[in-house]
Amino acid sequence: MTAPSQPLLEIAGLKVQFGQTKAVRGIDLSVMPGEAVAVLGESGSGKSVTGKAIMGLINRPGRVEGTVAFEGRNLVGRSERDLAAIRGPGIAMVFQDSLDALNPVYSVGNQIMEILTVRLGWDRGRAREEAIRLMEQVGIKEAETRLGDYPHQFSGGMRQRICIAMAIALKPRLLIADEPTTALDVTVQAGILRLINALRQESGMALLFVTHDLAVARQVATSLVVMYAGRVVERGKIDEIFARPSHPYTRALLASNPGAVAHWSQLQPIAGNPPDKATKVTGCAFAPRCPRAEPRCRAEAPELRDVMPGRQSRCHFAEEVAHV
Amino acid sequence: MLKFLSVRLTTSLVALLGVMVMVFFLARLTGSPAALYLPVDATDAMVEAFNRQNGLDQPLLVQFTNFVSNALRFDFGQSIAQQRPASVAALSAMPQTILLAAISMGLTLLLAIPLGTFAALRPNSAIDRAITTFSLFVASIPDFWFALVCVLVFSVNLGWLPTSGQGSLLSWILPVATVMLHPVGVITQVVRGAMLETLNAGYVQNARARGYSWKRLAFRHALRNAALPIITIAGDRAGGMVNGAVIVSAVFAWPGIGQVLVDAVYNRDFAVIQAGVFVVGIAVILLNILVDLIYAVADPRIRIS
C-alpha cells in the first residue's frame, strides 16, 4: 500500500500542444489515494485534454511535456506497452459521449467480458458471471437478459452506466471521469453521480472528475481544481472555495451558475471569451474579462501561490478577492 | 429480413427482365445468322429454310413472345453454332467463371485488408505513402496491357507460365492476377479510408483506455465497424468478376462465361447470348442478396431494426 502522505497521481508542469495550439499550458495537480478531485473549467480550458494526457491517449501530432507520476512512476514518454498495463487496473476512464464510447457492433456483455478474458485471462463462463455482477452493480435491471443487447438498444443513462461498469471491471485505483453526465438529462445525471459516489465508497478508488458544472463538481468531489486557459487558477477544498473564492474567475463562475445563486436574477454571465490558444499570453490570462483587473495584471503574470491554509490562487489580489 | 429479401428479389427480377428485353433486340442488330452460316452463293430458298429451321422467319414480336414464354420454362432454345441447348452452353461455363471470381476476390481481400489497415494505422507515414502509391498505381494500370505484358514476360520470354487456356495450377496465376489488379487497388483505398475513420472513433479510443493491444484495436474494434463500405465495394467488384471478366477470356482464352458470350456475339448465336446474359444476371442477383446477408451479419444495427 502507498503511504497516505504520498500522492497517487502527481502532475507537474504538464503541457499539451497541438501544432501552435497550446491546449494545456503547464499545470500541477495531485490526487491522494481515495481522494475525489474535480477539475472545473469552461469548454476549451484544457480540462479534457488533461484527462487524456494522464492516460497517454494524446495522439501525434499532439505533444506532451512535463511529468505525470502515477504511484511514483512517470508515465510521460512511456511505451504503449507499459501504458497498456496501467490502463484498466491502474487508471480507468469514463468519457462524455456514451454512445460513441461503446462499440456498436458488439453486445455490451461481449464488451464487458472482453476486458476480463483479455486482461485477466479468465474463461468465458467466469467472465460472464462477473459481467452480470458488474451490470447489476451499476444498476442495470435484468442484467442477465440484457447481456446480449447492443449499445443502441440502451438509453443514454444506461449506456453511461455500462461504461462505468467497464471502467471499474479491473478495480482501478484511479478513475478519470471526463464530463460523464454532460450529455444526459438532469434526472439521469443525478443517478450517475450517486452511482459514482457509491462505487467510490465501496472500493476506495480515487476520482478525478472533469466537469464544467460547479454544482455537479460539488456532488462528487471534496477537492477542486479550477482551470482557465490551460492553467490552474485556483485549488483547494471544494466547500471552502464555494464559501470564499479567492480568484475572480472562480467568483465569476459561481455568480454564473444557476445552482449556486439564490435567484435567477442574480445570475451574472462572464463577458468575453477565453484567450486564443495559439497566442502567447502576457500577464494574467483572465485580465481582459476580469472586473477588477489593474494595469499590473496585464503586465505581470501571477504565480499560483498559497493564499490561505489549503488554498492556492493565481491572482495578484487573491486575499482581497477572498475577503470581499 | 424475409420481407426485405422478397422485395429485393422482386425488384432484381424486374431489372433482369429489362435487361433481357434489351439483349433480345440488340442481339438481332448484329445481323442475320444466315449470312454467316450459309455459303456466299446460297439461294433464297436455302436462306428461307435456314431461317425457318431456327425460328427466325417469324415477325420480331412473335419471336419475342416465343422467347419470353420459353424462357419462363428455362428453355432458351438451341445454339446454332454448338448444336446443343443454349442453356447448357451458358451454364457449363459458369463453374470456371465463379471459381475464378471466388479465388480472385478471396486473394484480393487477403491483400487489401491488411494493406489498407497498416496504411490507416500510421497516416502520412512512409508505410502509408508506399501503400497508397502502390494501390493507386495498380488501380490505374490498364488491365489488358498488364495481361499482355505478363504473357510476354512470364510466358513468352521466361517460359514459366502457359500463355492461355486452363490446365495445370500454373494456368490460373495470370488470369487471377489480372482479375485482381484493379480490385486490389480500389479496395485497399476503401479499407484505408474506412479504417482512418473508425480508428479515431470514440469506442476505439475507449478500448485503448482499457489497455488493449493495437492488433485488438485495429482488427477487432475498428475493422468490424469499417466493414460496411468494404463489403459494398467488394460486392460491386465481385459482380464485375462474375460478369465475365472479358479481358481474361480475350487474352488468356479462359473458358468462362465471358468467352462464351464473346463467341456467341461473333457467331450471331442469339440463343446463347440470351441464355448467357440471363445466367450472369441471376448470378449477380444472388451475389447482391449474399452481400445483403453479409451486411446483416456484420452490423447488428441492420439485423435488429
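Basis for what follows: all heavy atoms, side chains included, without hydrogens, waters or symmetry-related copies. Chain naming here is simple, since letters A, B, ... match the order of the sequence lines and numbering starts at 1 in each. For clarity, every value in this text was computed on a predicted model and none was experimentally measured.
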### Exam field: side chain A:E35 to backbone A:L208, donor-acceptor pair closer than 3.5 Å
no
### Query
Checking heavy atoms, do the side chain of A:V105, its backbone, both or neither come under 4.5 Å from chain B?
both
### Task
Identify which part of A:L102 has an atom lying under 4.5 Å from any heavy atom of chain B, answering side chain, backbone, both or neither.
backbone
### Message
Under a 3.5 Å cutoff, is there a donor and acceptor pairing between the side chains of A:T67 and A:N74?
### Response
no
### Message
Looking at A:R133 and A:E130, is there a salt bridge between them, counting it only when a charged N and a carboxylate O are closer than 4.0 Å?
### Response
yes
### Summary
Residues at least two apart in sequence or cross-chain that pass side chain to side chain contact (heavy atoms under 4.5 Å, CB included) with A:S30, listed by chain then number, are A:P7, A:E10
### Task
Would you mind checking if A:R126 and A:D123 are paired as a salt bridge, meaning a charged N to carboxylate O distance below 4.0 Å?
no
### Contacting moiety of B:A298, where chain A heavy atoms sit under 4.5 Å
backbone
### Query
A:D178 side chain to A:Q96 main-chain N or O, any donor-acceptor pair under 3.5 Å?
no
#### Entry: Most chain A-contacting option - heavy-atom pairs closer than 4.5 Å, from B:H221, B:R210, B:R208
B:R208
#### Entry: Toward chain A: residues of residues 121-135 of chain B with heavy atoms under 4.5 Å
B:R122
### Query
So with a 6.0 Å cut-off around CD of A:E142, is the heavy-atom count from everything else above 12?
no
### Task
Please step through side chain to side chain donor-acceptor pair (under 3.5 Å) for the pair A:Q17 and A:E65, ending with a clear verdict.
CA-CA 9 Å; A:Q17 195 167 340; A:E65 284 171 47; over 6 Å; no
### Message
Please enumerate all residues that pass side chain to side chain contact (heavy atoms under 4.5 Å, CB included) together with A:N110, with sequence neighbours excluded.
### Response
A:Y106, A:S107, B:R220
## Note on the structure
Distance col, row A:L184:CG vs A:R161:CZ, nearest 0.5 angstrom, shows 9.5 Å
### Task
Answer whether the closest heavy-atom distance between the side chains of B:F118 and B:P114 falls below 4.5 Å.
yes
### Task
Find the one option among A:V118, A:L170, A:V94, A:I91 whose heavy-atom pairs under 4.5 Å with chain B are most numerous.
A:V118
### Query
Hey, which residues of residues 78-89 of chain A are touching chain B, say heavy atoms under 4.5 Å apart?
A:E80, A:A84, A:R87, A:G88
### Backbone of B:V186 reached by a side-chain donor or acceptor of B:Q189 within 3.5 Å
no
